Protein chains: 2
Amino acid sequence: MINNNGRFSEETRKKVEKVISETGYETNDVAKSLRMQKSNTIGILIPDISSSFFSKVVKKIEAFLFSKGYSTIICNTDRNADKENAYLRMLEGKMIDGLIVISGVKAFGLDSMSKNIPVVCIDREPRDKETILIESNHFQGAFLATEAMIQKGSRKIAIIVQREYLSSSRDRINGYCQALEDYSLPFSQEQIIRLPDVIEPSRTELAKAALLARFKKGQRFDGAFAINDRLAIGAVQAALENGLTIPSEFRVMGFDNDSISKYCQPKLSTINQDSTGIAEKASQALLSLIETPTKKVARHQVIDVELIVRETI
Amino acid sequence: MINNNGRFSEETRKKVEKVISETGYETNDVAKSLRMQKSNTIGILIPDISSSFFSKVVKKIEAFLFSKGYSTIICNTDRNADKENAYLRMLEGKMIDGLIVISGVKAFGLDSMSKNIPVVCIDREPRDKETILIESNHFQGAFLATEAMIQKGSRKIAIIVQREYLSSSRDRINGYCQALEDYSLPFSQEQIIRLPDVIEPSRTELAKAALLARFKKGQRFDGAFAINDRLAIGAVQAALENGLTIPSEFRVMGFDNDSISKYCQPKLSTINQDSTGIAEKASQALLSLIETPTKKVARHQVIDVELIVRETI
DNA sequence: TTTAGAAGAGTAATCGATTACGCGTTTAAA
DNA sequence: TTTAAACGCGTAATCGATTACTCTTCTAAA
């Protein structure tokens, strides 16, 4: 009929095409989905769409999938497990063909659904050992950051951490520890500055206050590696307020290469994640699962990161 | 049956509920949509999901609609008319119940579809005079910004503009002009610095280079009102590079209250848009159109903005 | 006791696109 | 010329939920 199925003559084709153009016929995807058991739609679960890095990734995934004929339902979960599970049910009801789950999503309901529909995780440890995981090389990034500070002369580097329940956070801590070890620098628990997972005050304020508190307690650091750029900016502010010169007396490294980092003063040195690479790998992996289920996809893909030196080291 | 339609006994209800819980039945939204001619889905057309202000708005719209039982398909159009129209067709095929169109979307196909499904525009002049428009009071914001600079002592204020095809941009120019007029300050065309609508170099670089070029030509300004914060940061950099002291010799105002503005050095004074207000008004207007079509909704809703004074004025 | 009316349960049509199937016609091969 | 295969086209079933409709049974009123 409309597409090459069935057999029909040139004449009928013309007639059909005429009617189509005359009436402005548009195919009804809902009916099509019901019949085909396929919606050409994929779902994305993301904790916070306004987070600069992941919104970039989502944007690129969406563009890629659109070019392949898929539309994307983006679900903002606010790190709320109930909302996540509600979305999961909704997406299932909409017969999505695939699902991408981005960092920080707990989604306990995932396990029950993942049997039927293909899932790709980004920056999120899947429970199921077969689920595909795409992530930046957080370990490498943290190592590079810490190493760079050491090479510039820092000897007592703090690490500022938040949301340790994320595997990406833990990987970054490990990378940091590895660098200290490789350069034979001592490490003690008091070098870890842990921040609560709250919305108010902002991450920057939180980091600033925490580092300032450490200074007040008499702890001395000559550098801080923050797990993201927002925290790093707080560290910069704390150091400056404490009368330290950056970078000669105190060095700071961030992570994520937030668009802020280039414009804050002093300009923040950081680790750039390859949003394009992550988006491409994730989209391709998901498409492959959907369209050629027999083809094996690498279960764990790790994307290289890049050291960006600006003015804080 | 499942919901209160039809008549049935307590006994049958129990049986049905038992089977539901045993089999883990989930309603199929696709079939439901086909039958009901309603998808409980709304579409959002947005030029760039990674833009900080609108991504905040979208996030809030999505949360609101989710709480009302709707899911949201977010379509990133990249300011590409073809992509916009393709999305429009796709959304129509998915039988969306409503559509939100955000600033910078051209979507020529909108006219042909808007007859059938409810549309709400945000920050975008609709062609159709009946379509609802929600926007910040750009005029007021620009006026407040310019007025604040004048009151602090600026007399020759430039305005840095990009994407003049947006009604929001034009409103901001008008607000700026009105303030100059109200304070009896002269205005000439050379005070307008127009920037091309390109992706590379960044808006900040663009603004910086343009203002620097004006300085080099011998033009003198004691302040600049930039149409958004990215441009404003460029203006700050240009002024500093030109040896001007901020704010005593040169004042800068931005617009949008980008998350950057609080952290750049000096901290940027700007105009804050009420993302929550816009999201709420837009969602409520759309829901009203969908669920109570007879009820009239204000065609044009203008949301107040707020002057934020930091260190650049 | 008869009967109108209500109430429960089951059947079938519907939404729109897809596709398997069958009938009738044409063409090519034996 | 006969037979088989190819071909065009129309019909009907299907996807899953909803709902209108019918049929049967039961209750209450006359």
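In this text the structure is predicted, and so the values were computed from the model without any measurement. Throughout, a chain's letter reflects where its sequence line sits, starting with A, and its residues are numbered from 1.
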Without decimals, in angstroms, what is the distance between [X] [atom1] and [N] [atom2]?
X: B:Asn28; N: D:dG16; atom1: CG; atom2: P; result: 7 Å
X: B:Lys38; N: D:dA17; atom1: NZ; atom2: P; result: 18 Å
X: A:Glu92; N: D:dG16; atom1: CD; atom2: P; result: 14 Å
X: B:Met95; N: D:dT18; atom1: CE; atom2: P; result: 14 Å

**Q.** Side-chain N or O of A:Gln37 closer than 4.0 Å to phosphate OP1/OP2 of C:dT18
**A.**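 For C:dT18, OP1/OP2 do not have a side-chain N/O of A:Gln37 under 4.0 Å.
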**Q.** Phosphate OP1/OP2 of D:dT18 contacted by B:Lys32 side-chain N/O (<4.0 Å)
**A.**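 For D:dT18, OP1/OP2 do have a side-chain N/O of B:Lys32 under 4.0 Å.
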Q.
B:Tyr87 vs A:Phe66, test: ring-ring contact (aromatic ring centres under 6.0 Å, His included). Steps then yes/no.
A. CA-CA 9 Å; B:Tyr87 265 128; A:Phe66 183 77; 4.1 Å; yes
Q) Given side chains that start at C-beta, do those of B:Arg203 and B:Asn228 come closer than 4.5 Å, heavy atoms only? A)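 B:Arg203 vs B:Asn228: side chains touch.
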(Q) Using modelled atom types and a 3.5 Å cut-off, is there a donor and acceptor pairing between side-chain atoms of A:Asp97 and backbone atoms of A:Ser39? (A)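 Yes; judged by distance alone, with no hydrogens or angles, the pair exists.
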Q. How would you label the contact of B:Thr27 with the nucleic acid (heavy atoms, under 4.0 Å): base, sugar-phosphate, or nothing?
A.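 Result for B:Thr27 = sugar-phosphate.
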Q | Nearest-neighbour nucleotide for the A:Arg35 side chain, C:dT19, D:dA17, D:dG16 considered | A |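 Of the options given, the side chain of A:Arg35 lies nearest C:dT19.
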Q: Looking only at side-chain atoms of B:Leu34, point me to the closest of D:dA17, D:dC15, C:dC15.
A: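 For the B:Leu34 side chain, the nearest candidate turns out to be C:dC15.
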Q | Donor on one side chain, acceptor on other, B:Lys94 and A:Thr41, under 3.5 Å | A |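 There is such a pair between these side chains.
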